[in-house]
Amino acid sequence: MVGFYLSQIANPANSEILILHISLGVLLFIMSILSYVYTKNIIRLAHLAIVNILLIVITGIIGSGFIILKTNSFYSTYIPYLHMLLAIGIISNYAVMLGIKRTINSVDK
């Protein structure tokens, strides 16, 4: 929701909410790295953590492009939806990781 608010204002780069939005992305990135470090012995969880890291990087690049290319009407019209769908994918990966962690033994080889 914060992202869609940012897409609707004239100059999102000057918004304090953008700092909050970027901070949450950085926090998710750090959490993904930590989840990989803590779960690298469990193969399925390690793979999901790597996917999360890659999704966050891609989503961050798309978000940065949105700020840089604000004047491009195609980018500002359609790319926020892609950004949002990737963000939902990141959050759903965390939910899947939690479910896997709760249902398997601590060693998965």
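Nothing fancy with the numbering, it's 1 onward along the sequence. Note that these values count all heavy atoms, side chains included, but never hydrogens, waters or copies made by symmetry.
- I56 and S32 make their closest contact through CD1-OG, 3.2 Å (heavy atoms, listed as atom of the first residue, atom of the second, distance).
- The two atoms that bring N52 and I90 nearest to each other are OD1-O, 3.6 Å, heavy atoms only.
- Atom CG of L20 sits about 10.5 Å away from atom CG of L27, to the nearest 0.5 Å.
- Going from atom CD1 of I62 over to atom CG of L55 covers 9.5 Å, rounded to the nearest 0.5 Å.
- Between atom CE of residue M31 and atom CG of residue L24 there is a gap of 10.5 Å, rounded to the nearest 0.5 Å.
- Cluster membership for I30 and L98, using ILVMFWY side-chain heavy atoms within less than 4.5 angstrom, is not shared.
- With values rounded to the nearest 0.5 angstrom, I58 atom CD1 is found 7.0 Å from L86 atom CG.
- To the nearest 0.5 Å, the span separating CG on L48 from OG on S92 amounts to 9.5 Å.
- Counted within 6.0 Å of OH on Y36, heavy atoms from surrounding residues, nucleotides or ligands total 12 or fewer; the atom is thus considered open.
- Scanning both residues, K101 and L45, for their nearest heavy atoms gives CD-CD1, 3.8 Å.
- Taking CG of L28 as the start and OG of S23 as the end, the distance is 11.0 Å to the nearest 0.5 Å.
- For the pair V51/H47, no side-chain contact is recorded, criterion being any heavy-atom separation below 4.5 Å from C-beta on.
- I19 and V26 end up in different hydrophobic clusters when Ile, Leu, Val, Met, Phe, Trp and Tyr side chains are linked at under 4.5 Å.
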